[in-house]
Structures are given as C-alpha cells and as structure tokens.
Amino acid sequence: MAIIGDDIAKAKQLLDEGKLVAIPTETVYGLAGNATDAKVVAKIFEAKNRPTFDPLIVHIHSLDRLEELVEPVSELAQKLMSAFWPGPLTVLLKRKEIIPDLVTSGLDTVAIRMPQHELARKLLSILSYPLAAPSANPFGYISPTTAQHVQDQLGDQIDYILDGGECSVGLESTIVSFEEDLPTVLRLGGISVEDIEEVVGKVIVNAHSSSQPQAPGMLKSHYAPSKNIITIDEFESLAPANTHGFGYLGFSDFDLRFDLNDQYLLSQNEDLNEAAKNLFTSLRALDQIPHLHTIVINFVPDLGLGRAINDRLKRASAK
Ligand code: TXA
Ligand code: MG
C-alpha cells in the first residue's frame, strides 16, 4: 500500500530519487516520474502495464521551461496555450533531444500540458525537471479522480500518493495537434471544442477510434470497467424479462425500469461540468456493486463537455 498525504517535500524527495509518485491534477490523477530520465519513464509503463507504443504527456510548471523541451512553437499553438494554460489542454509540439524516445514512443512530437491543480503546480515549481504522467490507472481501465482510486488500483506499485482531493474537471485533458498548421483535436477532454474554436477558429476533430490510433486514448475499447457495459439502446433491444443485475448510469433523470439503488445520475441539474466531474466516480461505483452483471449507460447532450463525456461512455461500452 502507498502512503497517502499532502507532503510536497516528500513527493519531491521520492521523485528526485527516481521513484514514481501519484499526483493530483484538475483532470485526473497522474502517475508521475522524471520525464527526462528514460529509466524512470520505463517504470511508468511497467507500473501501468501500458504498451510502449502509447506515448506519455509531459507536465510543466511555466512557459520558460518549454524552450528546453521543444522546437519553437507556432502562433496557433501559442494562442491556445495562452488561452487555456494552466488547464486541461495538451498540445503536441516538435520535441527536442532532451525528451527520451520512450516518452513519445519514438514520435517526433511530444505532448505537453501545464496543469492547473495547485498542489501539482507547487510540486512542479520546486522540481528541476518536468514530469511525465499518464493517468494513474492500469492500462484500459477507468481513470482515477481521487487518491483512494489510485490506492485501489496502483497502491502496490508506488510509495506515495499526493492527495489533492477530488479532481475538479474529472475528464482527461483535450489533446490538440497542429499538423500542417491545422489544429486537430485528437482526444476530446476537459476543454470543449467550442471553447477551442473561439480562440483559433474551426478545428478538425479526429478523436475517432482506429486500429492504428494516433492517441491510444483513441482506442475503441478504453476506459472500461470490468462489468459488461451496454447502451440504453442495446438494453432495449435485449428486452430482458426483469432488470435484476442491471445497473443504470443516466444524465439527469432516473429510469424507473431499474432498481433505484442501482442507479447513478451524472447531474440532476443537467450541468455538463458536474456530469464530467461525476463520470468516472459513478462508473466505478456501479462497477463495484456486487450483484450487478451489467451497467446500462445513457448518453448526455452532445455539446460542450458533453461530447467528451459521450466519447468516454462510447469507449467504455465498446466491445
Ligand atoms: O488530463 C490528462 O491528460 C491526464 C493528466 C494526468 O495530465 N493524463 C492523461 O495521460 O490522460 P494518458 O497517458 O492517460 O493519456 C495521454 C494520451 C494518450 O492517449 C497518448 O496516446 C496521447 O496522450 N499522446 C501522448 N503523446 C502523444 C503524441 N506525441 N502523439 C499523439 N498522441 C500522444
Ligand atoms: Mg489514460
């Protein structure tokens, strides 16, 4: 079991020794290590059981560290960074040598993000290196939004979990690339497409699954709990004789076909920010109800953060 606490000096000490520490961010908890040390980065892949073709995000504290890590940044990228950093935006930039191959899976771009969470920022500000940090969950499982989620899943693999409370956004960062100077959203996330378009105009959204994903968060089946997950449409075509064993995850209204104790709602006020924050916790809670064999999910309005929520729900229910 890992120790859970809010001791930044202890987190720094462990990281300086080349160990991994779980850190809070506003999106989800990350499994962090020194991004410039290939041996440390290898430990991250190992702890998560993550395939090495799935590159990591590098977290920085301030813009003056950027020059060390990447080639000069385009005007468009700069606009987005100044609009949304610190915050749940990750940009793909041309990397420099200092970034080990393992971090980028050999790609010539590196994913960079400046998180907003106060504890993460304090920690980054006292480190002399940036932190590589994927979400702190075993590969393919639901991302953690509390220190306890990390403990439950990776507690045996790490010494320390820096506890920053419940993540305020609850969905991973939005990933944007700038190939041919065209801003392209590769992963829907904590900053909506609408908000991005207000800053840089129309963008391409290419967050679909494929057999050769550019971002494995794009893998069709991802974010999956261990129970069977089906959509409400699939449930209706199944038309089971009774709903015992079926749990329900809805947006704002209960569905009276299911036992009320086996239902979670993302936001009774129809607030998409609240829904995002509750998404992974609710999926996890349903996944842990012993008598359920199947979780039935319903989608939320497909706009703003709702698009990212629906993206995660689709992946969680993908076969
Ligand atoms: O909100 C977040 O982004 C969280 C917190 C901890 O910062 N991190 C996170 O990391 O979600 P992770 O590893 O679970 O997801 C990172 C995604 C992966 O799907 C990876 O494929 C993609 O970023 N990625 C990283 N570098 C890339 C690159 N150079 N090109 C394309 N995709 C990249
Ligand atoms: Mg992840």
Side-chain angles (χ1 to χ4, degrees), residues 20-33 35 41 44-45 47-60 69-70 84-96 99-117 119-121 123-124 130-145 149-150 153-154 161-162 164 167-179 184-191 206-207 209-210 212-224 276 279-280 308 311-312 315-316:
L20 307 184
V21 171
I23 60 163
T25 83
E26 69 280 15
T27 59
V28 300
Y29 275 72
L31 178 62
V41 174
I44 297 179
F45 281 94
K48 268 194 70 122
N49 200 7
R50 175 174 175 125
T52 51
F53 62 72
D54 190 0
L56 305 180
I57 296 176
V58 171
H59 298 69
I60 59 171
L69 309 176
V70 298
F84 300 114
W85 277 4
L89 170 78
T90 294
V91 291
L92 299 189
L93 301 170
K94 285 267 175 296
R95 67 153 160 163
K96 284 189 175 166
I99 305 282
D101 278 341
L102 196 51
V103 169
T104 68
S105 307
L107 297 172
D108 62 356
T109 54
V110 57
I112 309 263
R113 159 161 139 75
M114 188 190 289
Q116 190 172 41
H117 192 289
L119 264 192
R121 289 187 59 71
L123 174 62
L124 284 165
L131 288 175
S135 51
N137 52 291
F139 185 69
Y141 197 72
I142 305 171
S143 298
T145 51
H149 294 165
V150 182
Q153 292 185 316
L154 291 179
I161 301 169
L162 192 60
C167 300
S168 60
V169 176
L171 282 178
E172 298 87 348
S173 59
T174 303
I175 302 181
V176 182
S177 78
F178 301 91
E179 235 143 276
T184 304
V185 172
L186 294 182
R187 178 175 72 181
L188 296 162
I191 305 257
N206 187 17
S209 66
S210 70
Q212 284 242 296
Q214 281 164 287
M218 295 165 78
L219 283 173
K220 193 166 176 231
S221 172
H222 208 79
Y223 309 104
L279 175 65
F280 291 145
D311 170 82
R312 303 302 188 271
R315 288 177 209 280

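What you see below is based on every heavy atom in this structure, not just the backbone, and it leaves out hydrogens, waters and symmetry mates. Given the structure is predicted, the values throughout are model-derived calculations rather than measurements. Both counts, for ligands and for their atoms, begin at 1 and track the order of listing.
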Ignoring hydrogens, just give me the one of [options] whose non-hydrogen atom is nearest [atom].
atom	options	result
atom 8 (N) of ligand 1	Gly106, Gly30, Ala133	Ala133
atom 9 (C) of ligand 1	Ser177, Ser135, Ala22	Ser135
atom 30 (N) of ligand 1	Leu131, Val58, Leu89, Leu92	Leu92
atom 7 (O) of ligand 1	Met114, His59, Glu172	His59

In Å, rounded to the nearest 0.5 Å, how long is the span from [atom1] of [X] to [atom2] of [Y]?
X	Y	atom1	atom2	answer
Glu179	Asn206	CD	CG	10.5 Å
Leu93	Asp108	CG	CG	11.5 Å
Cys167	Tyr29	SG	OH	5.5 Å
Leu131	Ile57	CG	CD1	12.5 Å
Arg187	Thr90	CZ	OG1	6.0 Å
Met114	Ser173	CE	OG	13.5 Å

Residue [X] vicinity, atoms of ligand 1 by number, heavy atom under 4.0 Å:
X	result
Leu107	28 (C), 29 (N), 30 (N)
Pro134	10 (O), 12 (P), 13 (O)
Ile175	17 (C), 22 (C), 23 (O)
Val28	4 (C), 6 (C)
Asp54	18 (C), 19 (O), 20 (C), 21 (O)
Ser173	1 (O), 2 (C), 3 (O)

Notebook entry, point to check: Are Glu26 and Arg113 within salt-bridge range, i.e. N to O under 4.0 Å?
Noted result: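 Yes.
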
Next item on the list: Give a yes or no on whether Ser135 keeps an N, O or S atom under 2.8 Å from the Mg ion (ligand 2).
Entry: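 Here the distance criterion (N, O or S atom, under 2.8 Å) is met by Ser135, so yes.
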
Check: Given side chains that start at C-beta, do those of Arg312 and Phe280 come closer than 4.5 Å, heavy atoms only?
Finding: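 SC-SC contact between Arg312 and Phe280 confirmed.
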
Check: Considering the options Asp54, Leu56, Leu31, which one meets the side-chain contact (heavy atoms from CB on, under 4.5 Å) requirement together with Lys48?
Finding: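 Looking at Asp54, Leu56, Leu31, the match for Lys48 under the side-chain contact (heavy atoms from CB on, under 4.5 Å) is Leu31.
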
So, regarding [X] and ligand 1 (criterion: nitrogen or oxygen to nitrogen or oxygen, under 3.5 Å), is there a contact or not?
X	value
Thr27	yes
Thr25	no
Thr109	yes
Lys48	no

Item checked: Any residue meeting side chain to side chain donor-acceptor pair (under 3.5 Å) with Asp101, in chain and number order, not counting sequence neighbours -> Arg95

Next item on the list: Would you please determine whether Arg50 falls within less than 4.0 Å of ligand 1 on a heavy-atom basis?
Entry: yes

Next item on the list: Please confirm whether Thr104 comes under 4.0 Å of ligand 1, counting heavy atoms of the residue only.
Entry: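 It does not; every heavy atom stays at 4.0 Å or beyond.
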
Margin query: Could you tell me if Glu172 and Ser143 have a donor-acceptor pair between their side chains, going purely by distance under 3.5 Å?
Written below: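 Looking only at side-chain atoms, Glu172 and Ser143 do form a donor-acceptor pair, the distance falling under 3.5 Å.
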
